[in-house]
Amino acid sequence: MTQASAFGRKLGQFLHLKDAPPSLITSSLRGVELAVTETRDDNPVPGLSGSFTAEDAFVVSLKLHDYPDCELWENGKCVMKADVPAGATYLYDLKRDPRYVIDKPFHSLFFYLPRSALDGLTEQARMPRVGQLACEPGVGHDDTVVRHIGASLQQALRRPDETNQLFIDHMMLALTAHVAQAYGGLRPCTEPNRGGLAPWQVKRVCERLESDLGGKLSLQEIAAEFDLSISHFSRAFRISTGLPPHQWLLRQRVKAAKQLMTVRDLSLSEIAISAGFANQSHFTRVFSSVVGVSPGTWRREAQGAPESEK
């Protein structure tokens, strides 16, 4: 699921990394790429970082490692020198040519957020566009939402084969909305709840998701079929089914696996792949979390499978 996004390649050059770091990617409503990328270098080559091409986009950075005495530059000038603590969130405006002196080990998550993603969000909500984000040089934020989203996506970056596109889309949509509200002044949506999907829509969506247990479909593709915004579709789907799309998909994988486990001559590894899991280990973790027991235990209890198949 991870790949070297255009942003990941630029970020690798910016930080003088040997290889472009992998990214998790989703698309904005206008087809522009959003990405989250984890970067780390325990033995960097000292010097000033590279530059990004100036564009109407922002970078949200979650620091995972203390970086004392950080020297930040904007528009060719040093604008601050301060300690950067682990867990803090910083915002950068790529129109200002943000750079910093790399002279110590670093470890961060970077979220690439183009202006078009913010504009698409406000257009769908029929609200005024977000103006300038609060990208104050050297000002870190104690942002629990970004930390939570970052921790979830960090796990996804480390287990890319086990991550479905619906989950990535869901988390990046949540990040975009949070940044717009917390740093762009967008008010939370107060429109009346328009309820769930129509029964025929629920049936059609569920059939689409069940036909793609591997999780390649995106929220944008599914929402577009019903001429709905991604946020409205996600909210309506949750009202109708009780779960967000990515969690509903995991439950369907578990359901399919239970059905396959009634076939005695199929191994658990074969069942895992057939039900849309990346591998048997992924299958065991998800199944145990949802059902409360391992697949092997469930199969033995339900069907009397041999003790050797755990």
Side-chain angles (χ1 to χ4, degrees), residues 4-28 30-41 44-86 88-121 129-141 143 146 150 172 175-176 178-180 182-185:
S5 68
F7 174 69
R9 289 189 290 272
K10 293 177 183 177
L11 189 57
Q13 295 169 357
F14 174 78
L15 296 172
H16 307 310
L17 298 175
K18 293 181 181 178
D19 300 305
S23 303
L24 296 173
I25 302 166
T26 187
S27 294
S28 73
R30 299 179 180 182
V32 178
E33 185 181 275
L34 292 83
V36 57
T37 305
E38 183 176 7
T39 63
R40 181 172 186 166
D41 194 337
V45 177
L48 188 63
S49 70
S51 285
F52 286 104
T53 301
E55 60 176 305
D56 199 359
F58 304 92
V59 169
V60 179
S61 180
L62 174 63
K63 307 304 181 183
L64 303 175
H65 191 290
D66 288 337
Y67 199 90
D69 203 25
C70 177
E71 184 175 322
L72 175 66
W73 290 50
E74 284 192 349
N75 296 321
K77 297 180 181 179
C78 178
V79 293
M80 77 94 187
K81 204 169 186 179
D83 293 341
V84 171
T89 294
Y90 291 80
L91 279 73
Y92 306 102
D93 185 339
L94 293 189
K95 296 192 301 299
R96 300 181 190 168
D97 187 26
R99 307 174 73 183
Y100 69 93
V101 174
I102 302 173
D103 56 3
K104 291 172 281 290
F106 60 83
H107 187 192
S108 302
L109 279 183
F110 288 91
F111 297 89
Y112 172 68
L113 188 58
R115 164 68 65 182
S116 62
L118 296 170
D119 290 345
L121 182 76
R129 286 189 176 186
V130 171
Q132 177 61 38
L133 296 184
C135 300
E136 302 172 61
V139 176
H141 304 273
D143 194 320
V146 172
M172 292 300 286
L175 177 87
T176 303
H178 171 70
V179 169
Y183 306 106

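Reckoned from all heavy atoms, side chains included, excluding hydrogens, waters and symmetry mates.
- Under a 3.5 Å cut-off, the side chain of Asp83 and the backbone N or O of Asp69 do form a donor-acceptor pair.
- Residues Leu91 and Val59 are not in side-chain contact: their nearest non-hydrogen atoms beyond the backbone lie 4.5 Å or more apart.
- Glu38 CD to Leu64 CG: the interatomic distance, rounded to the nearest 0.5 Å, is 6.5 Å.
- Across all their heavy atoms, Ala117 and Leu113 have their closest contact at CB-CD1, 4.0 Å.
- Residues Tyr183 and Asp143 have side chains that bring a donor and an acceptor to within less than 3.5 angstrom of each other.
- Between atom OG1 of residue Thr37 and atom CD1 of residue Ile25 there is a gap of 7.5 Å, rounded to the nearest 0.5 Å.
- No side-chain heavy atom of Phe106 sits less than 4.5 Å from a side-chain heavy atom of Val84.
- In this structure, the side chain of Arg96 engages the main chain of Cys135 through a donor-acceptor pair within 3.5 Å.
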Could you list the donor-acceptor pairs under 3.5 angstrom formed between side-chain atoms of residues 44-53 and any protein atom two or more places apart in sequence or on another chain?
| from | atom 1 | to | atom 2 | distance (Å) |
| --- | --- | --- | --- | --- |
| Ser49 | OG | Tyr100 | N | 3.1 |
| Ser49 | OG | Tyr100 | O | 3.4 |
| Ser51 | OG | Asp97 | OD1 | 2.9 |
| Ser51 | OG | Arg99 | NE | 3.3 |

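- Listed by chain and number, the residues in a side chain to side chain contact (heavy atoms under 4.5 Å, CB included) with Ala86 are Asp66 (sequence neighbours excluded).
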Let me see the working for Asp93 and Leu133 under side chain to side chain contact (heavy atoms under 4.5 Å, CB included), right down to the final yes or no.
CA-CA 8 Å; Asp93 185 339; Leu133 296 184; over 6 Å; no
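- Contact annotation: the side chain of Tyr67 approaches that of Asp103 to within less than 4.5 Å [non-hydrogen atoms, C-beta and beyond].
- In this structure, a donor-acceptor pair under 3.5 Å is absent between the side chains of His107 and Asp41.
- Gln13 meets the side-chain hydrogen bond (donor to acceptor under 3.5 Å, both in side chains) test with no other residue; sequence neighbours excluded.
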Would you be so kind as to tabulate the donor-acceptor pairs closer than 3.5 Å made by side chains of residues 70-82, with sequence neighbours excluded?
| from | atom 1 | to | atom 2 | distance (Å) |
| --- | --- | --- | --- | --- |
| Glu71 | OE2 | Trp73 | NE1 | 2.8 |

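- The closest donor-acceptor contact from the side chain of Arg115 to the backbone of Val130 lies under 3.5 Å.
- Residues forming a side-chain hydrogen bond (donor to acceptor under 3.5 Å, both in side chains) with Glu55 (at least two apart in sequence, or on another chain): Tyr112.
- Listed here is the closest heavy atom pair of Gly150 and Leu62: CA-CD2, 4.1 Å.
- Considering only heavy atoms from C-beta on, Phe58 comes within 4.5 Å of Leu118 through its side chain.
- With sequence neighbours excluded, the residues forming a side chain to side chain contact (heavy atoms under 4.5 Å, CB included) with His16 are Ile102, listed by chain and number.
- For the atom pair NZ of Lys10 and CG of Leu94, the computed distance is 8.5 Å after rounding to the nearest 0.5 Å.
- In this structure, Lys63 and Tyr90 have side chains that are in contact, with non-hydrogen atoms separated by less than 4.5 Å.
- Ser23 and Gly8 make their closest contact through OG-CA, 3.8 Å (heavy atoms, listed as atom of the first residue, atom of the second, distance).
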